[in-house]
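Data first, discussion second: the structure below is written as structure tokens.
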Protein chains: 2
Amino acid sequence: MKPKDTEAEILKAAEQEFMLRGFDGAKTASIARAAGVTHAMLHYYFRTKEQLFERILTDKMNLMGRSVLTAFGNPGLPLLERLKDGISRHFDFLVENPDLPRFIINEVFSRPERYEIMRKGVSRIIDKLMQNVQQELDSMAAQDEIVPVDVRMLMLDVVSLNIFPFITYPMIKPLLGDIAADRERFFEQRKAENIEVIMRRIKK
Amino acid sequence: MKPKDTEAEILKAAEQEFMLRGFDGAKTASIARAAGVTHAMLHYYFRTKEQLFERILTDKMNLMGRSVLTAFGNPGLPLLERLKDGISRHFDFLVENPDLPRFIINEVFSRPERYEIMRKGVSRIIDKLMQNVQQELDSMAAQDEIVPVDVRMLMLDVVSLNIFPFITYPMIKPLLGDIAADRERFFEQRKAENIEVIMRRIKK
DNA sequence: ATTATCTATAGATCTATAGATAATGC
DNA sequence: ATTATCTATAGATCTATAGATAATGC
């Protein structure tokens, strides 16, 4: 196994282990085993569990932060289409990364300082995006085509609706019966529901 | 300190420690210290960390499960009022228990079997409630006073909107700027927003 | 020469219990 | 007599490193 492979294998295994068990629940020995390398190698490449974790968490936080930007940062569409498209893209991102939000929410909760470091990176661009969408909302509201609304509240509606079903799926599935039985179909329906909710939120 | 006090002190300290750090992050020594008793007492009263945790988790799961029931189980009101009242009560419950959902979501994720045991208890009553609300929704829809809607989707909208801001507050606060600066005021606004969203979701 | 890997183990941390002692309730 | 508490420590688990050996790239 070439050097790059070893490092990559450890990272891959660490990602899985940390996402599944969190920092406290994860064991460096398990990561090494899953990566197919001896335990000592993990420390050779990353020195400490903490540093290995930091690498994973930073990656994941950036991924999560950018997901909103890439989803909604699609200019050239009329506002309502842009929103629908954004919700849909953001939702699809979550289908591909269902465990991401829960992981981040948790680790940020127990290590707020980590969040601060990376926040500044996305914060500025998110602000830009928000301002841009707010302008479009305002101009449409001025023309009486939608109701006036604060973009921050609206976006929080969106991410709440989009993310929540993913972080609670194991809990809600048994409560929802047949509509949640087929996971893929259920999330398809949720995506449509979320778009519907947001459209109704702003339409006259 | 009387016996009952010791047990109660340990439970109180355990609740705090487990809610803050989760099962893996919690240390029995910290719990004992916070409770003001020697470490051995914890094992004298609860034998194992696992059993102490089980006691806390069961309590919290029941609390969470019943919160939806007591919030929406208010008959005698017209449907729309009942929904508004339910959203509001459920939201107020979260204001009093802001860390509860994150805790449960996490521990259920890492121990799905625990959830199964207690689920059966609330499941039946939740089903009843849902069926009841669905009937009212159907009859209002038949009279063309609201749009037709699946109660399960609607309730998922409600809990998504209500719970999400609480589990992500540390993350969203810096992104939202001034509207989130004053925590109490922010949540007051969110409650109003959530009611607005749901009303708009079903109104003609 | 330098980089990567392995074995073996030190050292820290944490849960749990043994065994002695004090407090409590018949 | 029984129940509650304390001190001390066993035993398990986990992170991290030392030191030897093998592989790699000039």
Indicate whether the side chain of B:His43 and that of B:Thr48 have a donor and an acceptor atom separated by less than 3.5 Å. no

For atom CD of B:Glu7 and atom P of D:dT5, their distance in whole Å: 10 Å

Nearest-Å distance, OH (A:Tyr45) to P (C:dC6)? 10 Å

Applying side-chain hydrogen bond (donor to acceptor under 3.5 Å, both in side chains) as the test, list every pair that has at least one member in residues 130-140 of chain B; sequence neighbours left out. B:Arg82-B:Asn132, B:Arg82-B:Glu136, B:Gln134-B:Asp138

When you get a sec, tell me which of C:dA4, D:dC6, D:dT15 is the closest nucleotide to the side chain of B:Ala40? D:dC6

Assign the ring pair B:His90 / B:Phe93 to parallel, tilted or perpendicular, where the plane angle (0 to 90°) is split at 30° and 60°. parallel

Can you list the steps and then say if B:Lys191 with B:Ser88 is a side-chain contact (heavy atoms from CB on, under 4.5 Å)? CA-CA 7 Å; B:Lys191 178 160 67 164; B:Ser88 179; 3.6 Å; yes

To the nearest Å, how far apart are B:Leu42 CG and D:dT5 P? 12 Å

Atom pairs under 3.5 Å, N or O on each side, protein against nucleotides 10-14 of chain D: can you list them with distances?
none

Working note: B:Phe103 + B:Phe18, criterion ring pair (Phe, Tyr, Trp, His ring centres under 6.0 Å); need CA distance, chi angles, decisive distance, verdict. CA-CA 8 Å; B:Phe103 172 69; B:Phe18 283 132; 7.6 Å; no

Would you kindly check if the NZ (Lys) or CZ (Arg) of B:Arg102 is within the cone defined by 45 degrees around the ring axis of A:Phe109 and under 6.0 Å from the six-membered ring centre? yes

Can a side chain N or O of B:Arg47 be found less than 4.0 Å away from OP1 or OP2 on C:dT17? yes

Measure up the A:Tyr169 and A:Phe187 rings against each other and bin them: parallel (under 30°), tilted (30 to 60°), perpendicular (over 60°). tilted

A:Phe46 CZ to C:dT5 P, in whole Å, measures 12 Å

So, is the end of the B:Lys49 side chain (NZ or CZ) under 6.0 Å from the ring centre of B:Phe23 and within 45° of the ring's axis? yes

Could you provide the dot-bracket string of DNA chain C, using ( ) for intrastrand pairs, [ ] for crossing pairs and | for bases paired to another strand, with Watson-Crick or G-U pairs below 3.5 Å? ||||||||||||||||||||||||..

Give the rounded distance in Å between these two atoms: NE2 of B:His43 and C1' of D:dT3. 19 Å

Among D:dT17, C:dA4, C:dT7, the one nearest any side-chain atom of A:Met41 is C:dA4

Taking OP1 and OP2 of D:dT5, is either one under 4.0 Å from a side-chain nitrogen or oxygen of B:Thr6? yes

Using OP1 and OP2 only, check whether a side-chain N or O of A:Tyr44 sits under 4.0 Å from D:dT17. no

Can you see whether A:Phe72 has A:Arg89 sitting over its ring - NZ or CZ less than 6.0 Å from the centre and within 45° of the normal? no

